[in-house]
Amino acid sequence: MGDMPVEIQPIEGKVFGARVLDVELATLSDTAFEAIHTAFLEHGFLVFPDQFLTDAQNIAFGERFGELEFGALPLANRKKLGPDSYGDVVRFDSQLMRTNLGNEAWHTDSTYWPVSSKCAMLSAVYLPNGDGATELADTRHAYESLDPAMRARIDTLSAYHSTQFSQAADVANFPEPREGTIYHGEAYLRPLVKVHPETGGRSLFIGRHAFAIPGLTREESEALLSELLAFVLSDETRVYRHEWSVGETMIWDNRALLHRACPYDYSQPRVLTGTRIRGDVPSELAYYPQDPAAEAGRQALARELELLRAEYAAGTRAPRLGERVLAG
Ligand SMILES: [Fe+2]
């Protein structure tokens, strides 16, 4: 059969994103993948309706973009027991739900690992009563829209990234650090302005895991990071809310976009199958834990966590996602 041209339909009223029609990801030709890859770099995220990918097909499509961090894992409020078999909805006060809740704050994936993520895929399996959307924001458009003075100010700045920091700051959650988990005690320094390794375009590289900009006080750093995030979100043409349909697959570029999960009825099952593609080492590596540069990150994180604990204990700080995250 000849190659049908892939139809790329940009999202109306937004500066980014597209729906891809007339394509079956499970049986994708190289020509069709080329068109999809080009559209992915241009639009930042792509939605593929009616795919109903199996885990193996999910992994195979992800691998076309690069080496996987993980393939076809349930990003869910239920444990996966076997193929298409899930346990009960987990308790709201479990660590899994604390981690899920944290993802309702804007972020880029895996900036808390030595090599941060290239892109991420989600496929909708179970949805709670039409709820539980995913939102995305275009930080390329935000960077280009910044005033020149702000650009000049941030061009040479970096921030540490840690999900122990973001869990503490967003949901007042202080999981016990353990090597091999995402709560590993390290923090990775990354530039605030990212140069995309494939397009050369610039974007704001911020989000919930970022803290402690070297050269700034703690207050200045926190204020600048929240000012930049507010700026990204201040223009609705660069923020998109995706209401899921079962069977859909979405992929987004973690080097160009922020995203977050949206609140839903946590007593209802929600399962999205997630596949995450590792970034290319030359552009996405900060450093490894054994490198001398890692020491400053560990110290910055330890200091920050101590301050956050003290502020919560003194009642002078509320979690960034609000008090409701302490309920249950
Ligand atoms: Fe995420």
Side-chain angles (χ1 to χ4, degrees), residues 16-17 40 44-47 58 61-62 65-66 68-78 80 95-125 127-128 131-140 159 161-171 173 175 181-184 188 190 194 203-211 225 229 232-233 238-244 248-264 266 270-279 284 320-321 325:
F16 71 136
F40 159 79
F45 77 87
L46 300 174
V47 176
N58 217 295
F61 181 57
F65 289 83
L68 302 189
E69 263 180 56
F70 58 78
L73 283 186
L75 302 182
N77 59 5
R78 311 160 80 186
K80 189 164 188 172
Q95 183 56 49
L96 177 60
M97 273 313 292
R98 293 287 182 229
T99 302
N100 287 352
L101 269 182
N103 284 319
E104 292 179 11
W106 290 96
H107 64 280
T108 331
D109 293 319
S110 300
T111 59
Y112 47 78
W113 286 120
V115 180
S116 65
S117 162
K118 175 183 288 181
C119 54
M121 280 168 67
L122 285 177
S123 298
V125 182
L127 300 169
D131 214 350
T134 299
E135 290 187 329
L136 304 116
D138 190 340
T139 60
R140 304 168 299 184
H161 288 245
S162 157
T163 194
Q164 275 171 267
F165 163 74
S166 50
Q167 282 300 108
D170 290 325
V171 292
N173 175 218
T181 72
I182 62 175
Y183 307 118
H184 45 53
Y188 293 103
R190 303 184 181 284
K194 179 161 201 69
S203 66
L204 283 176
F205 204 62
I206 51 173
R208 64 184 292 245
H209 307 310
F211 71 103
L225 289 167
L229 178 61
V232 173
L233 305 177
R238 56 174 177 251
V239 181
Y240 169 71
R241 180 181 175 90
H242 186 65
E243 308 283 356
W244 288 98
E248 267 178 342
T249 290
M250 174 160 69
I251 187 161
W252 67 83
D253 192 338
N254 271 318
R255 305 158 300 178
L257 266 53
L258 283 166
H259 66 279
R260 65 168 175 178
C262 295
Y264 60 97
Y266 304 111
R270 180 180 194 252
V271 178
L272 299 172
T273 298
T275 291
R276 194 173 296 171
I277 294 91
R278 195 185 305 283
E284 308 312 317
R320 292 189 298 202
L321 280 175
V325 303

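Every number for a ligand or one of its atoms is a count from 1 in the order of the listing. Because the structure is predicted, anything quoted here is derived from the model rather than measured. FYI, the numbering just counts along the sequence from 1.
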Inset, instruction - For Phe16, check ring-ring contact (aromatic ring centres under 6.0 Å, His included) against everything at least two apart and list the hits. - result: Phe45

Inset, instruction - Scan side-chain atoms only and decide if Asn254 and Ser117 contain a donor-acceptor pair under the 3.5 Å cut-off. - result: yes

Legend entry - Donor-acceptor contact present, side-chain Thr139 to main-chain Ala256, <3.5 Å: yes

Legend entry - With sequence neighbours excluded, residues passing ring-ring contact (aromatic ring centres under 6.0 Å, His included) with Trp106: none

Inset, instruction - In plain terms, say whether Arg208 and Glu104 are close enough for a salt bridge, that is, a side-chain N and a carboxylate O under 4.0 Å apart. - result: no

Legend entry - Within less than 2.8 Å of the Fe ion (ligand 1): protein N, O or S atom count: 3

Legend entry - For Arg260, salt bridge (Lys or Arg N to Asp or Glu O under 4.0 Å) partners two or more places apart: Glu135

